[in-house]
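Here the structure is a predicted model, which is why all the values come from computation and not from measurement.
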Number of protein chains: 2
Amino acid sequence: MEFYDCPVTATLEVIGGKWKPIILYVLMSGTKRFGALAVRIPNISRKVLTEQLRELESDGLLIRRKYKEIPPRVEYTLTPEGKSLWDVFNEMAIWGNNNRRIVKK
Amino acid sequence: MEFYDCPVTATLEVIGGKWKPIILYVLMSGTKRFGALAVRIPNISRKVLTEQLRELESDGLLIRRKYKEIPPRVEYTLTPEGKSLWDVFNEMAIWGNNNRRIVKK
DNA sequence: CCGAATCCCTAACGATACTG
DNA sequence: CAGTATCGTTAGGGATTCGG
């Protein structure tokens with residue numbers, strides 16, 4: 001059992017990790033199907049994409065809507081809480097552009 | 001060899017991780033000695049604190065200054081690039097306060 | 001006082017194959 | 001199409017001990 005009283009740490013707890021920022025960014029432009037997300041996020045495995053989406057869902061940042069069709073269709077949409085991360089990403093993008101035009105690893 | 005053309009990912013690459021935000025935040029209030037950092041960051045081990053400081057140094061976010069005294073003294077100071085992260089942290093703090101007053105794990 | 005060196009553990013990430 | 005299931009890899013972090 002662990003408590004975070006630092007709001008910055010709390011935020012990073014939710015949007016941190018290797019893939020979550022990209023997932024959230026892609027969804028900022030509107031609802032997407034699972035396959036569409038996979039296409040726009042190169043090199044992510046389906047397993048990891050599923051895991052990350054489930055975590056974002058249980059954190060209340062997005063909603064998963066499953067249609068009982070054949071073939072199946074599943075759509076992911078940001079909640080207002082998820083959309084409200086826009087300002088955070090924007091500020092990070094500004095800093096990244098000013099300081100790290102391209103980061104080589 | 002890996003390239004990041006997403007500025008958000010680039011930013012998180014630099015400030016992400018479990019301890020870096022807290023380290024940077026503590027240094028926002030001015031130069032600190034190694035020991036002072038350890039005191040203000042509970043539960044971090046010396047080894048990890050050293051590692052993280054070295055990474056932040058090689059990323060150009062802070063400067064390490066070593067005085068040849070006995071007992072030794074080492075001070076860490078944010079560079080202008082490091083200080084310029086203020087806006088990013090501020091935005092994350094706002095979001096964290098609005099959405100995650102306290103996160104329980 | 002400020003580390004370096006060593007060893008260890010776990011969670012995150014990934015490759016691949018299979019399924020309703 | 002949108003996942004599970006399984007197994008394997010790896011990087012981050014931690015405990016402890018030693019040294020200038």
Original post:
Stepwise, does the side chain to side chain donor-acceptor pair (under 3.5 Å) test hold for B/Y76 with B/E57?
Top reply: CA-CA 9 Å; B/Y76 295 90; B/E57 184 190 16; over 6 Å; no
Over how many whole Å does the gap from [X] atom [atom1] to [N] atom [atom2] extend?
X: B/I44; N: D/dG13; atom1: CD1; atom2: P; value: 9 Å
X: A/R73; N: C/dG20; atom1: CZ; atom2: C1'; value: 18 Å
X: B/N43; N: D/dG14; atom1: CG; atom2: P; value: 9 Å
X: A/K68; N: D/dA2; atom1: NZ; atom2: P; value: 15 Å
X: A/E69; N: D/dC1; atom1: CD; atom2: P; value: 13 Å
X: B/L49; N: D/dA15; atom1: CG; atom2: P; value: 14 Å
X: A/K66; N: C/dG20; atom1: NZ; atom2: P; value: 12 Å
X: A/L53; N: C/dC13; atom1: CG; atom2: C1'; value: 15 Å

Original post:
Could you give the distance from CG (B/D87) to CD (A/E91), rounded to the nearest 0.5 Å?
Top reply: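 If I round to the nearest 0.5 Å, the distance is 5.0 Å.
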Original post:
Given that B/Y76 and A/E55 both sit by DNA chain C, which one's nearest nucleotide is further toward the 5' end?
Top reply: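 On the 5' side of the pair lies B/Y76.
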Original post:
If you take atom types as modelled and just measure distance, does the side chain of B/K18 reach the base of D/dG13 with a donor-acceptor pair under 3.5 Å?
Top reply: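 No, the side chain and the base share no sub-3.5 Å donor-acceptor pair.
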Subject >> More than 12 heavy atoms of other groups within 6.0 Å of A/R65 CZ >> reply: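 No, not enclosed.
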When you get a sec, tell me which of [options] is the closest nucleotide to the side chain of [X]?
X: A/F34; options: C/dG14, D/dG14, D/dG3; answer: D/dG3
X: A/R64; options: C/dG3, D/dA15, D/dG3; answer: D/dG3
X: A/R54; options: D/dG3, C/dA15, C/dT6; answer: D/dG3
X: B/V74; options: C/dG14, C/dT6, C/dC2; answer: C/dC2
X: B/V48; options: D/dG3, C/dG14, D/dG13; answer: D/dG13
X: B/P72; options: C/dG3, D/dG20, D/dG14; answer: D/dG20

Subject >> OP1 or OP2 of D/dA2 under 4.0 Å from side-chain N/O of A/R33 >> reply: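 Answer is yes, contact under 4.0 Å.
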**OP:** Establish, with yes or no, whether the OP1 or OP2 oxygen of D/dG13 is under 4.0 angstrom from a side-chain nitrogen or oxygen of B/Q52.
**Re:**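 Result: yes.
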**OP:** For the pair A/T77 (side chain) and A/I63 (backbone), establish whether a donor and an acceptor sit closer than 3.5 Å, ignoring hydrogens and angles.
**Re:**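 No; judged by distance alone, with no hydrogens or angles, the pair does not exist.
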**OP:** Give a yes or no on whether the backbone of B/K66 and the side-chain of B/K68 come within a donor-acceptor separation of less than 3.5 Å.
**Re:**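 Answer holds: no.
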Original post:
Base, sugar-phosphate, or nothing: which does A/K47 touch, judged by heavy atoms less than 4.0 Å apart?
Top reply: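 Contact class for A/K47: base.
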Original post:
With sugar-phosphate meaning primed atoms plus P, OP1 and OP2, does B/T50 contact a base, only sugar-phosphate, or nothing at under 4.0 Å between heavy atoms?
Top reply: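 Here B/T50 touches the backbone only, sparing every base.
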